[in-house]
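To start, the structure itself, in structure tokens.
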Amino acid sequence: QMRVRKAVLPVAGLGTRVLPATKAIPKEMLPVVDRPAIQYVVDEALEAGIEHIVFVTGRNKGAIEDYFDRAYELETTLQNKGKDKILTELMDSLMPAGAASFVRQQAPLGLGHAIWCARDIIGHEPFAILLPDVIVKAKPSSLAQMVEAYNKVGGNIVAVDPVPMDRVSSYGVIAPVERDGRLIKMSGMVEKPPVEEAPSNLAITGRYILQPEVFDLLANQDKGAGGEIQLTDAMFRLMETQDFYAYEFEGAPYDCGSKVGYFEAVLAHALDNPETAEAARALVKKAAESL
Ligand code: G1P
């Protein structure tokens, strides 16, 4: 069984749920305390042992590429001013040389199509997908937990998290059959079901480990929910021929693609960051008292 070495991060989405903030910058670059949201997701992938990240980008996403590249002027200026701490943080945020690829999704045809755009760079090996809208606070990281499970059972794994029943129509939802610890056997999955048709409240949370055969299915996948080529539909077909598990990870996911989710992510990370924790706690108390 091959190790999971590569990951796809689809970052072509327009960020319409947080407009106008995302009119001129990619939603993935919105700061969560002191670093852009995407940095948390890349760090999660690296912590899980990922060695190469394929970013599926689109128009107006150049800032992401620049962010992971060296910035000589800035580095020199910081060095000359003796700002060593910030310089170290800046250098730490870089991807190792040659460890990132960028491929453009030319039209917004859906998540399934975005992932398919990475097929040549992934090649014939198992790979991870991390949806950067979702930041997960977890130790070990949610993908690291999944990789550990994958190394035992192989096959394909999607991360799931219980959501309130009235939220299920915003997610891919699985039909659970049997549970063994955090691993769940499934009989199916469906993208954005109406609440009365949802097979459970276990929502797919934006972390996946998949076998490369999914690319063959994505190549001829019909449009699904929202008129888009859905990854969930291709995964459902893959279940016919391959082992497939859901994994209920331990940790807190924040959907930074929504206004409230983004606010929650900032709050949780501010309360956790040693530099800001004390001040953030005092601010939250003050705000709560004024309610
Ligand atoms: C995508 C997936 C969905 C998943 C969700 C998690 O939907 O298609 O299955 O539950 O991400 O955030 P999107 O939010 O891009 O519409």
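Residues take their numbers from the sequence shown, with the count starting at 1. Computed over heavy atoms, backbone and side chain alike; hydrogens, waters and symmetry mates excluded. As the structure lists them, so they are numbered: ligands from 1, and atoms in each ligand from 1.
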Check for a donor-acceptor pair, side chain of Lys61 on one end and backbone N or O of Val11 on the other, with a separation under 3.5 Å.
yes

Aromatic ring centroids of Phe68 and Phe55 under 6.0 Å?
yes

In terms of ring plane angle, is the pair Phe215 and Phe127 parallel, tilted or perpendicular, where the classes change at 30° and 60°?
parallel

Would you tabulate the polar-atom pairs, meaning N/O of ligand 1 against N/O of the protein, with distances under 3.5 Å, reported to 0.1 Å?
residue  : atom   : partner : partner atom : Å
ligand 1 : 7 (O)  : Lys192  : NZ           : 3.3
ligand 1 : 8 (O)  : Glu191  : OE1          : 3.4
ligand 1 : 8 (O)  : Glu191  : OE2          : 2.7
ligand 1 : 9 (O)  : Gly172  : N            : 3.1
ligand 1 : 9 (O)  : Glu191  : OE1          : 2.7
ligand 1 : 9 (O)  : Glu191  : OE2          : 3.4
ligand 1 : 9 (O)  : Thr232  : OG1          : 3.4
ligand 1 : 10 (O) : Gly172  : N            : 3.0
ligand 1 : 10 (O) : Ile204  : O            : 2.6
ligand 1 : 16 (O) : Lys192  : NZ           : 2.6

Would you call Glu125 and Lys6 a salt bridge, using N to O less than 4.0 angstrom?
yes

Would you confirm whether Gln145, through its side chain, and Pro140, through its main-chain N or O, come within 3.5 Å as a donor-acceptor pair?
yes

Got a salt bridge between Lys285 and Glu289, using NZ or NE/NH1/NH2 to carboxylate O under 4.0 Å?
no

